[in-house]
2 protein chains.
Amino acid sequence: MVPKTRMTKQRMIILEELRKLHTHPTADELYTRVRARMPRISLGTVYRNLDFLAGTGEILKLEVGGSIRRFDGDVTPHAHVRCTRCGAVGDVPDGLLSADCSQVKAPGFTVCSVHVEYEGICDQCAAKDN
Amino acid sequence: MVPKTRMTKQRMIILEELRKLHTHPTADELYTRVRARMPRISLGTVYRNLDFLAGTGEILKLEVGGSIRRFDGDVTPHAHVRCTRCGAVGDVPDGLLSADCSQVKAPGFTVCSVHVEYEGICDQCAAKDN
DNA sequence: ATGCCTGCAAAGCCTTTGCATCTGC
DNA sequence: GCAGATGCAAAGGCTTTGCAGGCAT
């Protein structure tokens, strides 16, 4: 049986605040925002609701970079494949890249999606440079 | 003055083991490997040397996905830009995507590189499905 | 001999989880 | 009223850091 869900005040406020922001906040940033309206809310509740809302598709979890988790002794240019099930990481030889992921050949992997993230400098940081 | 660096036995073994592997190990996986040859090495030393080696360009740090750090209330398809300096995340409106990052227009950001990661299922996990 | 590097252990972050209590439905 | 949700606090991972001693140069 599918468990019923409730629209609690906490869940509603979390969703509202996230939709109001366009800064792609971390859980903690959102926690700070939400606390302004609901001081006794706990960080655990924020995490639980973000997971819940991502599960229903109402919000997105972003897997952004900046979190170094793995290392590679091969410094030649090549892209990577990651197994969405076990997290294993493989190589995609340069030259086999394609925007159409059904064309991508990665030995040992069946590729099914691409994740593109651009990197750069935001205007605020650029301003600090002088 | 630039500090001198030493090629310690630890650093050498870490580099050797990483180059020997093609599995893009985590720091901890590498630690296990290295300990087979040098039982008293500490995990801290592994982390310090991986940072050092990445700094000299001898190895690569991979920023792979799987680590959810941010959330987005906008579920329409769009890519993201991340500021390499402060970590701020912005949107790249769909339709403004390009493999040539000098063409990418992201309001508030100056884009300078792209990070592409494919996702899929590795053969081992596929085999477990039956 | 010098100061960079190590092992060890503690501390730091971020996230998850257990539990008693509370509250939508 | 009942099961799902919350607040609180503790526990878990992973990574970084402080310190005293060790070792490459």
Side-chain angles (χ1 to χ4, degrees), chain A residues 1-18 24-56 58-72 82 86-87 89, chain B residues 1-18 24-56 58-72 82 86-87 89:
Chain A
M1 180 185 153
V2 181
K4 298 165 195 148
T5 63
R6 297 175 196 168
M7 181 47 69
T8 59
K9 195 181 281 190
Q10 288 82 340
R11 183 167 297 168
M12 208 173 59
I13 292 184
I14 289 169
L15 187 53
E16 280 176 15
E17 291 298 319
L18 179 55
H24 311 79
T26 61
D28 199 64
E29 285 164 3
L30 201 50
Y31 174 51
T32 302
R33 285 284 186 147
V34 171
R35 243 185 325 178
R37 293 177 55 183
M38 181 175 269
R40 306 200 59 79
I41 196 173
S42 78
L43 183 54
T45 297
V46 173
Y47 273 105
R48 275 184 292 235
N49 275 297
L50 288 172
D51 276 348
F52 174 87
L53 292 167
T56 65
E58 290 171 274
I59 68 168
L60 278 188
K61 288 181 177 181
L62 301 189
E63 304 193 338
V64 294
S67 49
I68 297 105
R69 287 274 158 98
R70 290 175 176 273
F71 299 86
D72 194 344
R82 176 172 46 91
C86 70
V89 175
Chain B
M1 181 187 153
V2 181
K4 298 164 196 150
T5 64
R6 297 178 197 166
M7 181 47 69
T8 59
K9 195 180 279 191
Q10 289 82 339
R11 184 167 295 168
M12 208 174 59
I13 293 184
I14 289 169
L15 187 53
E16 279 177 15
E17 290 299 318
L18 179 55
H24 310 79
T26 61
D28 199 64
E29 284 163 3
L30 201 50
Y31 173 52
T32 303
R33 285 283 187 149
V34 171
R35 244 185 325 177
R37 294 176 56 183
M38 181 175 268
R40 308 200 58 79
I41 197 173
S42 78
L43 183 54
T45 297
V46 173
Y47 273 105
R48 275 183 291 232
N49 275 298
L50 288 172
D51 276 348
F52 174 87
L53 292 167
T56 64
E58 289 171 274
I59 68 168
L60 277 187
K61 290 182 175 181
L62 301 189
E63 304 193 338
V64 294
S67 49
I68 297 105
R69 288 273 157 99
R70 291 176 175 271
F71 299 87
D72 194 344
R82 176 171 47 89
C86 71
V89 175

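Source: prediction; values computed, not measured. In what follows, every chain begins at residue 1, and chains take the letters A, B, ... in the order their sequences are listed.
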Could you tell me how far apart I13(A) (CD1) and dA5(D) (P) are, to the nearest whole angstrom?
16 Å
Separation of dC5(C) atom P from M38(B) atom CE, nearest Å, is 15 Å
Using the closest heavy atom to pick a nucleotide of DNA chain C for each, name whichever of G44(B) or G44(A) lands nearer the 5' end.
G44(B)
Starting at CG of D51(B) and ending at P of dT17(D), how long is that distance when rounded to a whole Å?
9 Å
In whole angstrom, give the distance that lies between atom CZ of F52(A) and atom P of dT16(C).
16 Å
Could you state the CZ-P distance from R40(B) to dG21(D), rounded to the nearest angstrom?
16 Å
Test of understanding: with side chain to side chain donor-acceptor pair (under 3.5 Å), list the residues that count as partners of S42(A), not counting sequence neighbours.
T45(A)
How would you label the contact of N49(A) with the nucleic acid (heavy atoms, under 4.0 Å): base, sugar-phosphate, or nothing?
sugar-phosphate
Under 4.0 angstrom, heavy atoms only, what part of the nucleic acid is L43(A) near: base, sugar-phosphate, or nothing?
base
Rounded to whole Å, how long is the line connecting atom CE of M12(B) with atom C1' of dC23(D)?
14 Å
Taking all non-hydrogen atoms of both residues into account, name the closest pair between M38(A) and Q10(A) and its distance.
SD-CG, 3.5 Å
To the nearest Å, how far apart are K4(B) NZ and dA1(C) P?
16 Å
Exercise: identify the closest heavy-atom pair between I14(A) and V46(A)
CD1-CA, 3.8 Å
Tell me, please, which residues at least two apart from T8(B) pass side chain to side chain donor-acceptor pair (under 3.5 Å).
none
Who are the salt bridge (Lys or Arg N to Asp or Glu O under 4.0 Å) partners of R37(B), not counting sequence neighbours?
E16(B), E17(B)
Could I get a table of every N or O pair under 3.5 Å where one atom is in the protein and the other is in nucleotides 10-13 of chain C?
none

Summary of salt bridge (Lys or Arg N to Asp or Glu O under 4.0 Å) pairs that have at least one residue in residues 40-56 of chain A, sequence neighbours excluded:
D51(A)-K61(A)
For nucleotides 18-25 of chain C, just jot down a letter per nucleotide in 5' to 3' order: B, S or -, based on protein non-hydrogen atoms under 4.0 Å.
B----BBS
From OH of Y31(B) across to P of dG13(D) the rounded distance in Å is 16 Å
For the pair T26(A) and Y31(A), evaluate side chain to side chain contact (heavy atoms under 4.5 Å, CB included) and give the outcome as yes or no after the intermediate values.
CA-CA 9 Å; T26(A) 61; Y31(A) 174 51; over 6 Å; no
Does dA5(D) have OP1 or OP2 under 4.0 Å away from a side-chain N or O of R11(A)?
yes
Step through the shown structure and confirm whether more than 12 heavy atoms of other residues, nucleotides or ligands are within 6.0 Å of CZ on R33(A).
no
Least distance between heavy atoms, A27(A) atom then L43(A) atom:
O-CD1, 4.4 Å
